[in-house]
Amino acid sequence: MHHNIAALIVAAGRGTRAGGDLPKQWRELAGRSVLEHTLDAFRRAGIKRIILVIHPDDREKANRLVAPDVTLVNGGDTRVTSVRAALESLVTDAPQHVLIHDGARPLVSASVINDVRDALRHAEGAAPALPVVDALWRGTDGHVAAAVPRAGLFRAQTPQGFGFSFILQAHRAYEGEAADDVEIARAAGMEIVMTPGCEDNIKLTYQADFDRAERLITHRQERDMDIRLGNGYDVHRFGPGDGCWLCGIKVPHNRALQGHSDADVGMHALTDAIYGALAEGDIGRHFPPSDPQWKGADSRIFLRHAVELMRERGFRLNNCDVTLVCEHPKIGPHARAMQAELAEIMGCEVHRVSVKATTSERLGFTGREEGIAAIATACLGRNAGDT
Ligand SMILES: Nc1ccn([C@@H]2O[C@H](COP(=O)(O)OP(=O)(O)OP(=O)(O)O)[C@@H](O)[C@H]2O)c(=O)n1
Ligand SMILES: C[C@](O)(CO)[C@H](O)COP(=O)(O)O
């Protein structure tokens, strides 16, 4: 997907402030190591190349994380030298961009990563930040010594993204310590754009941060279990014509389906199933048949609207299943094209979309070929990786 970008995940520190038996990035968080959470966050964002920077003492543990998308590199004594080691390791097969991230920030969301990556289309560098909202003081000996103006102050997060060759040169030219790579990039004259940070993208620094991260992960897991099901049912009668619109495909037939719109009975049932899963009524509520503007309308408009609503509410389509009930036309030869068309409209993978058909054994209105009925089920899940 994004082969020309690599994530450098720095994890060579010793985590002295967090304490514990193991360096913090190797400790368990909600059943998995911190680094496993961090690697998965980048995979969810579609990153295919990850350089994991480790301490040589952790090689044995780290070998378990090696995968086709993960390469190990030994870090240095400071964060700066660890990043530098990772950058140098990429020189022979350089990506266009790099995202440099603390292994100790396992809760980074796909949207934080993607906002940085998107900003790199126009910027030399980009990094997530949050404005300081609390009042700031300077303190001495446990007393407030002065108020510090907070206007224009931001809290820096990672991943910090850069053009690879720019940041490599900046690191090579830099001497001494730096809190992060933005500092190094700015010292080399690079312009850095700020992108939205996220309160959940915490860096595990002290023990209390582990407790907070556990709570956030539990909350995410509960949210991810929020699965919504909806069903839809629709019928259209036959009238004169030379084919029927069914699931976005014009199927040749000696008749056509009649309706206010293009009468795509399958797409209507599916649209209603999505509205149903969101408890948002049905097509008639969003596109009233009394409104002349929907006369003869392309039913894709309805389905796209339901999908937009689904995304706005933070859901994605897990899968859907449409059954067309008719004697004729025969659906089998067109089912795959219908699945592909529906998947295209909904912006999802085709394996999430099923279209099938049955006859009603010549019974009832479908059996007498007076019309076609369709039933659909849609299953929605929460958008993974987003907070
Ligand atoms: N020599 C170092 C030092 C730090 N880091 C990484 O940089 C990130 C941010 O650093 P920090 O939170 O300061 O981690 P530690 O140095 O491990 O923590 P501490 O200062 O408490 O020892 C961490 O993912 C850490 O593993 C690194 O790769 N190499
Ligand atoms: C890079 C960083 O995460 C930006 O907030 C941070 O500076 C690194 O951690 P440290 O605690 O400053 O070492």
Side-chain angles (χ1 to χ4, degrees), residues 6-29 32-42 50-59 61-62 65 70-90 98-109 112-113 116 125-132 153-162 167 170-171 174 176-187 190 192-210 212-213:
L8 312 190
I9 297 182
V10 285
R14 294 296 79 194
T16 46
R17 286 170 290 176
D21 297 339
L22 287 172
K24 58 192 179 186
Q25 62 273 30
W26 297 106
R27 282 171 58 183
E28 207 171 273
L29 184 64
R32 292 190 308 154
S33 70
V34 168
L35 281 179
E36 283 173 289
H37 287 283
T38 311
L39 292 175
D40 275 357
F42 279 81
I50 300 176
I51 311 302
L52 181 60
V53 188
I54 58 156
H55 192 284
D57 292 353
D58 300 334
R59 174 68 58 167
K61 287 191 281 288
L65 299 182
V70 178
T71 312
L72 302 181
V73 169
N74 283 339
D77 292 340
T78 63
R79 189 181 184 284
V80 174
T81 52
S82 290
V83 173
R84 172 83 185 270
L87 292 170
E88 296 292 351
S89 78
L90 286 171
V98 284
L99 298 174
I100 304 174
H101 185 69
D102 295 327
R105 290 187 191 265
L107 293 179
V108 63
S109 68
V112 167
I113 297 171
V116 173
L130 286 172
V132 172
L153 292 187
F154 288 82
R155 290 185 282 145
Q157 297 191 335
T158 67
Q160 300 181 348
F162 309 92
I167 193 68
H171 262 266
Y174 196 85
E177 255 315 300
D180 62 11
D181 301 285
V182 164
E183 201 177 323
I184 294 173
R186 284 184 37 78
M190 280 168 79
I192 310 297
V193 165
M194 282 193 281
T195 58
C198 175
E199 287 294 349
D200 291 356
N201 184 17
I202 55 173
K203 182 165 72 67
L204 301 173
T205 305
Y206 297 101
Q207 175 55 41
D209 299 321
F210 275 82
R212 186 172 163 212

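Note that ligands are numbered from 1 as they come in the structure, with each ligand's atoms numbered from 1 the same way. Worth saying up front: this structure is predicted, and the values here are computed from it rather than measured.
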(request) Using protein heavy atoms only, decide if any is under 4.0 Å from atom 12 (O) of ligand 2. (result) no
(request) Would you kindly specify which portion of R17 sits under 4.0 Å from ligand 2, judged on non-hydrogen atoms: side chain, backbone, both or neither? (result) side chain
(message) I need the nearest protein heavy-atom contact for atom 20 (O) of ligand 1: residue, atom name and distance, please.
(response) R17 NH2, 3.1 Å
(message) Tell me the protein heavy atom at minimum distance from atom 16 (O) of ligand 1, and give that distance in Å.
(response) G13 CA, 4.0 Å
(request) Could you tell me whether K24 approaches ligand 1 through its side chain, its backbone, both or neither, with non-hydrogen atoms closer than 4.0 Å? (result) side chain
(message) How far is atom 29 (N) of ligand 1 from the closest protein heavy atom, and which atom is that?
(response) S82 OG, 2.7 Å
(message) If you define the side chain from C-beta out and look only at heavy atoms, does anything of E183 sit under 4.5 Å from Y174?
(response) yes
(request) Decide whether the shortest distance between a heavy atom of V53 and an atom of ligand 1 is less than 4.0 Å. (result) no
(request) Could you tell me the residue and atom name of the protein heavy atom closest to atom 28 (O) of ligand 1, and the distance to it rounded to 0.1 Å? (result) A12 N, 2.8 Å
(request) I would like to know whether V116 and Q160 meet side chain to side chain contact (heavy atoms under 4.5 Å, CB included); could you show each step before the answer? (result) CA-CA 7 Å; V116 173; Q160 300 181 348; over 6 Å; no
(request) For side chain to side chain contact (heavy atoms under 4.5 Å, CB included), just list the numbers for I54 and V73, CA-CA rounded to whole Å, side-chain angles, deciding distance to a tenth of an Å, and then say yes or no. (result) CA-CA 6 Å; I54 58 156; V73 169; over 6 Å; no
(request) Report the nearest protein non-hydrogen atom to atom 8 (C) of ligand 2: residue, atom name, distance rounded to 0.1 Å. (result) K203 CE, 3.7 Å
(message) Donor-acceptor check, side chain of D58 to backbone of A12, threshold 3.5 angstrom: yes or no?
(response) no
(request) In sequence, state the C-alpha distance, the side-chain angles, and the governing distance for D180 and R186, and then conclude on salt bridge (charged side-chain N to carboxylate O under 4.0 Å, His left out). (result) CA-CA 10 Å; D180 62 11; R186 284 184 37 78; over 6 Å; no
(request) In plain terms, say whether R79 and D181 are close enough for a salt bridge, that is, a side-chain N and a carboxylate O under 4.0 Å apart. (result) yes
(request) From atom 5 (O) of ligand 2, work out which of P128, A156, A129, A179 has a heavy atom at the shortest distance. (result) A156
(request) List the steps, then state whether side chain to side chain contact (heavy atoms under 4.5 Å, CB included) holds for L90 with L8. (result) CA-CA 10 Å; L90 286 171; L8 312 190; 3.5 Å; yes
(message) For ligand 1, which is the ligand I care about here, please tell me if L204 has any N or O atom under 3.5 Å from one of the ligand's N or O atoms.
(response) no
(request) With rounding to the nearest 0.5 Å, note down the distance linking NZ in K203 to NE2 in H101. (result) 11.0 Å
(message) Using a 6.0 Å cut-off, check whether atom CE of M194 has over 12 heavy atoms from anything other than its own residue.
(response) no
(message) Tell me whether D40 at atom CG has more than 12 heavy atoms from other residues, nucleotides or ligands lying less than 6.0 Å away.
(response) yes
(message) Just to be sure I'm reading this right: ignoring hydrogens, which of R79, H101, K203 gets closest to atom 7 (O) of ligand 1? Compare them by their nearest heavy atoms.
(response) R79
(request) Going by heavy-atom distance to atom 17 (O) of ligand 1, choose the closest among G15, A104, A11. (result) G15
(request) Give the numbers and elements of all ligand 2 atoms closer than 4.0 Å to a heavy atom of R79. (result) 1 (C)
(message) Closer than 4.0 Å to some heavy atom of R105 - which atoms of ligand 2 meet that?
(response) 2 (C), 3 (O), 4 (C), 5 (O)
(message) Protein heavy atoms near atom 12 (O) of ligand 1, is at least one of them under 4.0 angstrom away?
(response) yes
(request) Note the single closest protein heavy atom to atom 9 (C) of ligand 1, along with its residue, its atom name and the distance in Å. (result) D102 OD1, 3.5 Å
(request) Nearest heavy atom to atom 1 (N) of ligand 1 wins, so pick from A18, G76, G75. (result) G76
(message) Checking contacts here: is it the side chain or the backbone of T16 that comes within 4.0 Å of ligand 1, counting heavy atoms only? Could be both or neither.
(response) both
(request) Find all atoms of ligand 2 within a distance of less than 4.0 Å from any non-hydrogen atom belonging to D180, and give their numbers and elements. (result) 1 (C)
(request) Report yes or no: does H37 contribute a side-chain atom to a donor-acceptor pair with the main-chain N or O of L29 at less than 3.5 Å? (result) yes
(request) Mark the output for D77 as yes if a heavy-atom distance to ligand 1 is under 4.0 Å, and as no if none is. (result) yes
(message) Using a 4.0 Å cutoff against the non-hydrogen atoms of V10, which atoms of ligand 1 qualify?
(response) 6 (C), 7 (O), 23 (C), 24 (O), 25 (C), 26 (O), 28 (O)
(request) Please say whether more than 12 non-hydrogen atoms of neighbouring residues, nucleotides or ligands are located less than 6.0 Å from CZ in F154. (result) yes
(message) Measuring from atom CD1 of I167 to atom CD1 of I184, what distance do you get when rounded to the nearest 0.5 angstrom?
(response) 6.5 Å
(message) Quick test: of every protein heavy atom, which one is nearest to atom 2 (C) of ligand 2, and how far off is it to 0.1 Å?
(response) D102 OD2, 3.5 Å
(message) Donor-acceptor check, side chain of Q207 to backbone of G19, threshold 3.5 angstrom: yes or no?
(response) no
